[in-house]
Structure formats: C-alpha cells, structure tokens
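Comments concern the structure below.
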Amino acid sequence: MSRKPRKNEEDNGFAAWGGYMEAKKAKLAEQFSKVTVELTNKKSDIFNGIAILVNGYTKPGADELKIFMAAHGGNYHLYQNQGGCPTTHIIATNLPNVKINQLGNIPVVRPEWIVDSISANKLLDFKKYLLYTNQSRTQPKLNFTVIEKDKNTFPTNEKSEVNKILAEQPQKYAKTATDPQFLSDFYNNSRLHLISTLGAEFKQLVNKLREESNSEFPGLEKLIRSKTETGFNSEKSLKSDKIIMHIDMDCFFVSVGLRNRPELRGKPIAVTHSKSGKSNPNGPNRQAEVDLYVKRLPEGPLPKLNLIDETSSMAEIASCSYEARQCGVRNGMFMGSALKICPNLVPIPYDFEGYKDVSSVLYHTIAEYTLDIEAVSCDEMYVDVTKILKKSSITVSEWASHIRHEIMERTGCPCSTGFGANRLQARLATKKAKPNGQYYLEPEDVDNYMYELPLEDLPGVGYATIVKLHNLGLKTCGDLYDISLSTLKNELGQKNSEMIYDQARGIDKKSLNYEHERKSVSADVNYGIRFKNHSEALVFLESLSKEVYSRLSEIKMKAKTITLKLLIRAEGAPKETAKYLGCGVCDAINKSITTSYYLENPQHIFKEAKNLYERLGIVPDDLRGVGIQLSKLEKISRTNKALAKFLNQVSIVESNITTRNELFDNNDENRQNNNVKILNIENKNKNTGVNNNLNSTDETIKQEIKSGSKQEKVTSTASKRGRSRGNKTTLTKSTSNLTNYFKHTKNEPSTKEFKSGNNSIDLNVLKELPKDIQKEIMEEYNLSEKVLDKLESKPSSVATNVEKNVDTKDNKNNENKEVKKKKGFAALTKEELKTLLKNWIRNQEIPKEKDIDMLGAFFTKLVEERKLEYLFSMVNLLYRYRL
DNA sequence: ATCCTCCCCTAC
DNA sequence: TAAGGTAGGGGAGGAT
C-alpha cells in the first residue's frame, strides 16, 4: 500500500522547464515586450531562408516568434507557403490530430529551436528539435499512402471516426471537403473568413487594451505639447456634446497590396484569386443556374448578371481601387465580369499577413490617443474624440489631418475619416470624405444633407430592405418625412422601421460600445462541399467540430446551444455549379438544440452535430454547405482565478489549510495538522457534466465538514434524499457519499475498473485514496485486499480522457517528455503530474504564480468535465505527500 | 407578455 | 477553376 514518492525520477519537472524558458525569455525580453507597432531592430541574419508557420498554442507564443523571426532575418508565415514562398518549418508544441495530415513534408519543430538558436547566435540543427522524432524529412507530398503512414507515425486517437473512414477512402482526392487538407487550405485562402476573424480579433484587442490601460496616452500628450509649440488655432467650444470619428481605410486590400507595388498606383486594380480572368473552358453550362438564381430573387431590381458568360472567371473581387470603381467595378463582382467593363483591370494577389499587420498598426496608432474605440472591423472603427479635441484644443479638421497623416506614415496606406455628433453622422461623413479625405458633417448641415440622401446609403439598408422601400415609392431619406411610422412598420417590422425612421433624420441613439461581448462562435464552409455518402459528410463534420471547438476554447468559453447549418442544392439547380466548387443555388436548413450540459470539448460538439445531421435526413450528394454555430456562451473561469475558484468548490478540510497560499505553505506546524479526513465537494457546476445519465439528486453533493476550528455551513441534497445528517459529518457518512459519487459520475469506463452491478469503480483511484476510505469502499464492493496488492506492482495509469492522446511508448523518450511538459497539465501523464506536485511539496518550493493558475485551471476543468476520479487522486496526492 | 427556435438580413 | 465567413440584430410564430 505504500505510495512513497519514487526517488529522483523526472527531476526535470515543470518548474525546471519553466526556469529554462524564463532564462531564455529574460535574455530576449526587450525584443517582444513592445507592441507590434514598433518595428524590431534587426539583430542578426541567422534565420535567413527560414520561413516558419506557427501551429496552435506555443511557448513562446506566435506573436513573440514572429518578432524573433523578424529580428533575425527569418520569415513568419500566417498560412502555408504564404506569398508563394515555401514554409520551411512548422513550429508547434502540440499538434491536434486534425492538423497532422495537413503538413505534407514540412518538419514540425518545437519553438525552443528558435529560442536556442537565438541564444547561440547561430542556426542550430532543427532535427534535434523535431516534435515527432520519427517524422521523415523525405516524405513525399501528401497523398493517400502518406496519410496511412502518418497514422502510424503520429499518436492518434484509435477510436477517431476520421481515421476509420480515412482508411476506406479511395486513392484519389479532389480539392473538396473530403480532402483532409481542405479545411485549412480553404480558411487560409478565404477573404471572408479573414475579415471575420480579424474583426473579432480587433474587438478583443480593444477590450484587452482597455483592461490593461494605465490611462496614459503618449500620442495625445505629444499632440498637446506640439500644439502649444506650433500654435494650432484653438477651438473655443465643440459643436455638439460629443464628436464621434469614423475611420475607414480606403479600399483596404488594394492599398495594402500596393504598398510594395508603387508602379501600379493610379491603375484599376482588383484583389482576387483569379490570375487570367478565365475559368475552366470545359466547365458546366452556367445559364441554368443563373436563371434559377434570378427566379428566386425577390421582386425588384436585378443585380448585374448579364456579364457572366461560360468561361469568364467567377473568382470574386475582394477589393478594387477607385480607378476600377470609376469603370463600374465593385467589390464582390466576379473577375470575369469586371474585366468586361474594365479590360485594363489588373489583378493582384491577396496578402493576408499584410492586412493583419496594417490593421494592427492602425489600431495601435489610435490607441495612443484614446481607448474610446468601438472596433467595427480590421479596417474600420468608431472613436469618441471629444476628449482628444477638448484636451488638445485643436479643431476637428486639424485632428483629422494629423491622425490621417500619422496613419499614412505608419502603414503606407490611405484612410478617410468622418466626424459627426453621433455614429451615423460620422459614418455618413466618411462616405463623403472618401477616398483619402476627411469630412465633418456639422450639426447645422445635417438636415440638408439627410434630405437628399438615397435610402440605400443608410447603414442597415441592404438589398432586401431597399426593394421594399422602393416598392413603397421611397427613394431618399426626405421621402420618409411624409410617411407615417406605421406604414413603414407593416413592411419592415417594429425595430427596423424605427431605426430607419430615426436614421433618415440623422438621429442615432446607439452609443459606442467599447467592451464587446461575444454571443456566438461558428465555423461555416459553403465551398468545396461535395460528399458521396454520409461517412464523408460525418468525417468533415468531425473536423468542423474540432475547428469550432478550437475557436470556442480560444476565447475561453463554453456553450449550451449548437446549431447545425446546412446548405442543400435547390430543386432544379444543376449538380455541377457555375462557380468551380461553389455552392450554387441552395436552400438553407438550420437546426439547433440546447443541451443540458455544457459543450466544452470537440467530442461534445461532434456528438450533437452528428445527431442534428442525422435528424435532418439529408441526401449527402446534395449537401453544398455545412456550418456549426455555438451560442448561449458562458465564460470559463479566468485562469488567474481558477485555483481560488477550485478551492471554493472543493474545500480542503484540513486544519489550517483553507487558502491557496496555505495549501502550498509547507511549514512544520501545518504538516503536523495534516490529518486529512475528507474532501468537501461543493458542486457548483450542476450542468457541466458530460454524463447525461447523471442522476440529478447526485449532482450536488455538499457536505458539512468539521475542520479544525472551522465549521462550514451546509445545504445538502443528501438531506432531500432522506439521509441523516448532523452538524458533524462523520468519516463514514462522508465516505458513503464519496462512494456514491463514484457510482454515478463515471462517464467512460476506465481501463481498470471493477464492475459491481451497474456501478463501477476505478481501482487506480481507489488506490490513491486514504486507507480508511479505501477500506470502506472495498467493503462495500466486496473487494479483497489482493486486488490492490496486485495493482501495487504495476505502474499506475488511470485511463482518463486527459491521457488518451499520450503515446505511452514515448514515455522513455526524454525529448518527448519535455514536449509534454510544455503542453501544460492536461497533457501530462498522471505519473508526471504526480512527480511535479511531489517535487513542489518535497522541495518546499513555492510554485510560480502561473503554475498555480495553470494547476487551478486544470483542476477546475476536471471538475467541470466530471473527471472526478482523476481529480480526487490528484488532490489526495497533495495532502498525502505533505504528511 | 416573454421566451424560444428558425429563419432573414446586413456588414465587413 | 477557386477558396460564397461570420457575428449580430431582428421578425414570425409557436410554446409557456
């Protein structure tokens, strides 16, 4: 029964690794402490010819690695083979299965390679830093056989539906969603995806900057100083309570693309995937699809479709220059169509990294003046400049010139700014200011300006709304002045009518929203979806589940509602779409379910998505689009509060140990009082269990514990079940409850478990419990002592989900051990975590704050995921090794 | 009334 | 060839 700590095993614990990184980081601290606005000084050329792509979470993080590469002559790729330049190395510490098949023959290297190379001031051999030591540099380009090989090469989940079905795949892949590489290929090339994700990122950035702000604005201070020097004309008073600025980059993608192509300035330019303006001459006849599309449009003016012929490119124009707009070219137009009205139109490729960089500079530039920013998208925001104008006493026009000049200087891209008393007026002013201009729609001009304004210029008035308004005979905002609100309501509904009614008069009651709160997370693919059968569709659904989960976990949230969004080929629509691999004319089917538990891992999401999919009874052949949306979101506990939260949930009933600090305070007095009696589980996460069969009365177990001088208040569902309780809880009763817990919270059976009727108990957990509790459980289950003795001789390994992906054969491999440590607690084996905790306690080491937070987060996760067996054994260890 | 689900619409 | 995503506001109509 002895659970003595093994000696000297794995002395390179987490703390040691942390120290390693700290030392390296300290040395290079100045290089990444600055915001990305500042260009890092070139330090060396050691990474000449190296182009890295960072995959997933790494330490140091992607932002830091990016700066390292920039400072030492290397390239940083946002997506594979960016700009036609081959990616030479993938940097990762933890590669989810979903991404393994996407890497081709590019070596996957741990980030220490970068850090160590910089420390050594020379390029070290990356082979020593390979994430997977048996990865071959000479692997041929991704094909079926390689996928098979990869299956053996990388640790993958045997049960994975993906792998099962991959094995049944035919030898040939189209560039469709059945290709394992498809999802990343698609997202790496989707402008709309980029726009969406960047938009969300910058909203988050504003939140973060506001949170971390020390209320110092160096730009503003400098402006105030220079104003007194140069004697700007001061403005006595502002024309409205507030002055709102709307700022928008001019044809953003084009401007970024032209930074390094000055020779193209002044020409009609289009950012598009199409190079030749032509599509496959053997493609399908397009007329049938166009006809059907027109047929399904609402009554009203038709969009321009006459420019589509059988071979012109249907690649969309993401952004076009003002010269192109003069010919009638518009964003979103097909390249082939645009070329017909503008034969000189010059196509330029996307530069996704450039967009990101320029956006970042834009936001950080504004943030030097104020944080009263509402991010709209990567190239557009609203800013309350009232304070800026008051403090610096400059005019709207002076400020506009100043900030536009600064943005041009720092980004190389022009922007336009509009000003007004509210966001609507500011926004309309920007429209007038463009391109590369500024305009202040002053209060006294608003009425005149609005009267003439076409209704389609109002934000929120799009195609469908304008059709309805035109059908009512309404063209301009002025036309609305003669109409009653109720007439409008019949067509447009309550809120929309009020909004348009107000806006037509220049009124906008909505104030700027500085703190953005996410309400949903989704991942949609309506391109390249061509499935022959349900299996293919489900494989894709599984990878999409992982994708949407990774987005959910990035924002540290969990969800209660999942919506499956499908596009189905419309009746009569040709099977082969006009646009290559497009979705064609479709009907949308959405189905959602609100779950009784939190969706917080990819398995949950896939399970529910699969259910919804099956319930919809789709013909897989007709599927043209798939999306998963998660809503009813809730924040997962913040990591820095995680341990505290955990300790509230699981009160450690031990004489003096009640707080986080005391838990790790290893003084002698405490050690003597460590007569651990029982864990007090206060289950606040009623609905977080993965186990749907959880008996609700067993969900909440609260126990009153007598703990030294402290006595805690109790409300227990045990009493509802008629259990006897007093204000003292005896060991026996507590243990009963604990035993009960084991019976009902088991989600998936562990590898080693004992069945007793419908109940099962994990022997490894049992083994970790205090002896007296063990005894009682064993009595209840009629287990003999021999069971545990047997176990004692074998290495302990509880098969929890936490460990499933860890390849045990790697345990002897030091390099891989180090890898695991970097992944955080969730990826450590039980033994490794045990050793880590043990070392902390034995060495009387006070763990680093971040380690404690990480541990707390990990424990909280275990509670929420109902991996209580694992949790109990870990917590128990904390006490045990203190004895 | 108020909520929920399933849409539709709009914006970038 | 081509990369037709994503979040949020809101309405209709049924459930409570």
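Scope of the values below: all heavy atoms of this structure, side chains included, with no hydrogens, waters or symmetry mates. Letters A, B, ... mirror the listed sequences (proteins, then strands); counts begin at 1.
Here A:T563 lies out of heavy-atom contact (under 4.0 Å) with every strand. In this structure, A:G283 reaches neither bases nor backbone, as no heavy-atom distance under 4.0 Å exists between it and the strands shown. Here A:R551 lies in heavy-atom contact (under 4.0 Å) with sugar-phosphate atoms only. In this structure, A:K632 reaches the sugar-phosphate backbone alone: every heavy-atom distance under 4.0 Å involves primed, P, OP1 or OP2 atoms, never a base. Using a 4.0 Å heavy-atom criterion, one finds that A:G277 contacts no nucleic acid atom at all. When heavy atoms are screened at a 4.0 angstrom cut-off, A:S377 is found touching the sugar-phosphate backbone but no base atom. Residue contacts for A:F252: at a heavy-atom cut-off of 4.0 Å it reaches no nucleic acid atom on any strand shown. Using a 4.0 Å heavy-atom cutoff across all strands shown, A:E456 reaches no nucleic acid atom at all. Across all strands, A:T197 comes closer than 4.0 Å to no nucleic acid atom at all (heavy-atom distances). Among the atoms of the strands shown, base atoms are found under 4.0 Å from some heavy atom of A:G582. As judged by a 4.0 angstrom heavy-atom cut-off over every strand, A:A200 is placed among residues making no nucleic acid contact. A:Q494 comes within 4.0 angstrom of sugar-phosphate atoms only, judged by non-hydrogen atoms across all strands, and of no base.
In terms of phosphate contacts, A:N526 brings a side-chain nitrogen or oxygen within less than 4.0 Å of OP1 or OP2 of C:dG5. The phosphate of C:dG4 (OP1 or OP2) has no side-chain N or O of A:R624 nearer than 4.0 angstrom. Using a 4.0 Å cut-off, some side-chain N or O of A:K519 falls inside it from OP1 or OP2 of C:dG9. Not one side-chain nitrogen or oxygen of A:R530 sits closer than 4.0 Å to the OP1 or OP2 atom of C:dA2. At B:dC8, none of the side-chain N or O atoms of A:Y463 fall inside 4.0 Å of OP1 or OP2 (strictly under the cut-off).
Note on A:E634 versus A:K560: no salt bridge recorded, every NZ/NE/NH1/NH2 to OD/OE distance being 4.0 Å or above. By the 4.0 Å N-to-carboxylate-O rule, A:K579 lies close enough to A:E316 to be salt-bridged with it.
Judged purely by atom type and a 3.5 angstrom limit, A:S497 uses its side chain to pair as donor or acceptor with the backbone of A:L488.
Across the protein-nucleic acid pair, A:E576 atom CD and C:dT1 atom C1' stand 11 Å apart, rounded to whole Å. Between A:E201 atom CD and C:dG5 atom C1' there is a gap of 14 Å when expressed in whole angstrom units.
Positionally, the nearest nucleotide of DNA chain C for A:N280 lies more toward the 5' end than for the other of A:N280 and A:N490.
Looking at the side chain of A:R427, the nearest of the listed nucleotides C:dT6, B:dC12, C:dA3 is B:dC12.
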